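All remarks here apply to the structure that follows.
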Number of protein chains: 2
Amino acid sequence: MDTFASIGDFIREKREAAEVSVRQLAKAAGVSNPYLSQIERGLRKPSAEVLQLLAKALSVSAETLYVRAGLLDEDSSRKFTAETIANDPELNDFQKSQLLALYSEFLITNNSKES
Amino acid sequence: MDTFASIGDFIREKREAAEVSVRQLAKAAGVSNPYLSQIERGLRKPSAEVLQLLAKALSVSAETLYVRAGLLDEDSSRKFTAETIANDPELNDFQKSQLLALYSEFLITNNSKES
DNA sequence: GCCGAGTGCTTGCATTTGCAAGCAGGCGAA
DNA sequence: TTCGCCTGCTTGCAAATGCAAGCACTCGGC
């Protein structure tokens, strides 16, 4: 599975579903229309910045496009729970340490159950 | 705030915290060491693929680096925290619900403090 | 038929990304 | 002192990205 051909197909599919032309989407996203055409046909591999612009213009999340492009794993959020909590800007340091302590406690509990 | 200078600072910080040299990290990530040096100094703007490689070598999530690089919005991180907890295979359902309840409580507390 | 407006795509080029080869320096051992 | 190994960085270059100018086509109106 060629990921970047896949993202091109996905973008074309979304564009056609939205019933807009290559030129219209390109203009809305702020990229050149030949380049968008090349992306859709898998001839070029757009940067994450371009994917971000296209996501916004297509009203889909950037994450969706990144996953399609192989730039994010659907597994990755699962692996780094502790880090995600630590980086959450909505939480203060005390709250983070409380969540992390509880999380660690659960891990220890689960590990001792498995032993 | 120049986002890509910021990602360079962040990568250097993580590398130094891990006590590895530019060459060691570059090798671990599979990128050239001069290029890594340029990234750290903000002279080059790495692609998402390179950020993905560096994230893995630094044991941080790709999302963390993407947010730092402006490729993902922090609003998405907030969604990811809840989702990350819900998807963590190390936790059972009860544990998940406890963490999510605590997390929600903190969000409500923080939102009412701001209002 | 011609024209204008639209369509997706071709092509050449400027700029950027990432690399390989190498430089300059520090440090410890002989 | 020299040597070997390590360090971060410089530099020139190949390949990739993204664009502007333009082509060929379709369609509807006159």
Side-chain angles (χ1 to χ4, degrees), chain A residues 1-58 60 62-72, chain B residues 1-58 60 62-72:
Chain A
M1 169 55 67
D2 183 9
T3 299
F4 272 91
S6 167
I7 188 65
D9 292 338
F10 184 77
I11 287 165
R12 183 183 290 256
E13 189 186 302
K14 288 290 177 182
R15 177 177 62 78
E16 288 174 348
E19 296 184 343
V20 296
S21 67
V22 170
R23 274 186 161 96
Q24 288 168 340
L25 177 59
K27 181 167 184 179
V31 302
S32 76
N33 74 75
Y35 188 55
L36 174 58
S37 174
Q38 288 171 329
I39 290 165
E40 288 190 351
R41 288 172 289 131
L43 298 183
R44 288 282 200 268
K45 178 174 139 184
S47 64
E49 280 88 353
V50 170
L51 289 178
Q52 200 174 23
L53 292 172
L54 288 170
K56 202 165 286 186
L58 284 169
V60 301
E63 288 96 322
T64 299
L65 293 190
Y66 294 165
V67 169
R68 283 285 179 152
L71 299 176
L72 276 178
Chain B
M1 169 53 68
D2 183 8
T3 301
F4 273 90
S6 165
I7 187 66
D9 292 339
F10 184 77
I11 288 165
R12 184 181 292 252
E13 189 184 304
K14 288 289 179 185
R15 176 176 64 78
E16 287 174 349
E19 295 183 342
V20 296
S21 67
V22 171
R23 275 186 160 92
Q24 288 167 338
L25 177 59
K27 183 168 182 178
V31 302
S32 77
N33 73 74
Y35 188 55
L36 175 58
S37 175
Q38 288 171 328
I39 292 166
E40 288 190 349
R41 287 171 291 130
L43 298 184
R44 289 278 201 270
K45 180 172 137 187
S47 66
E49 281 87 356
V50 170
L51 289 178
Q52 202 175 20
L53 293 171
L54 288 170
K56 201 164 286 186
L58 284 168
V60 301
E63 289 96 322
T64 298
L65 293 190
Y66 292 167
V67 169
R68 285 286 177 151
L71 298 175
L72 275 179

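The chains referred to below are lettered A, B, ... by the order of the sequence lines, with proteins before strands, and numbering in each begins at 1. Since this is a predicted model, take the numbers as computed values, not measurements. Worth knowing before you read on, the calculation uses all heavy atoms, side chains too, and leaves out hydrogens, waters and symmetry mates.
- Among the heavy atoms of the strands lying under 4.0 Å from B:Ser32 is at least one base atom, whether or not backbone atoms are also near.
- At distances below 3.5 Å, not a single donor-acceptor pair connects side-chain atoms of B:Tyr66 with backbone N or O atoms of A:Leu72.
- Mapping B:Leu43 and B:Asn33 onto DNA chain C by nearest heavy atom places B:Leu43 closer to the 5' end of the strand.
- Close to C:dG18, at under 4.0 Å from its OP1 or OP2, lies a side-chain N or O of B:Ser47.
- Residue B:Val20 is the one, among B:Val20 and B:Gln38, whose nearest nucleotide of DNA chain D lies closer to the 5' end (criterion: closest heavy atom).
- Closest to the side chain of B:Arg44, from the set D:dG12, D:dC19, C:dT7, is D:dG12.
- For A:Arg41, a side-chain nitrogen or oxygen approaches OP1 or OP2 of C:dT10 to under 4.0 Å.
- When distances are taken from the side chain of B:Ser21 to each of D:dG18, C:dG8, D:dG8, the shortest belongs to D:dG8.
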TODO: Start with the C-alpha distance between A:Lys27 and A:Asn33, add both sets of side-chain angles, then the distance that settles side-chain contact (heavy atoms from CB on, under 4.5 Å), and finish with yes or no.
DONE: CA-CA 7 Å; A:Lys27 181 167 184 179; A:Asn33 74 75; over 6 Å; no
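- Of the candidates C:dT10, D:dG8, D:dT11, the closest approach to any side-chain atom of B:Arg15 belongs to D:dG8.
- Within the 4.0 Å cut-off from OP1 or OP2 of C:dT7, at least one side-chain nitrogen or oxygen of A:Gln24 is found.
- Checking the phosphate oxygens (OP1, OP2) of D:dG8, no side-chain nitrogen or oxygen of B:Arg23 falls inside 4.0 Å.
- When the nucleotides C:dT17, D:dT11, C:dG8 are ranked by their closest atom to the side chain of A:Val22, C:dG8 comes out on top.
- Proximity of a side-chain donor or acceptor of B:Glu63 to a complementary backbone N or O of A:Glu63 within less than 3.5 Å is not detected.
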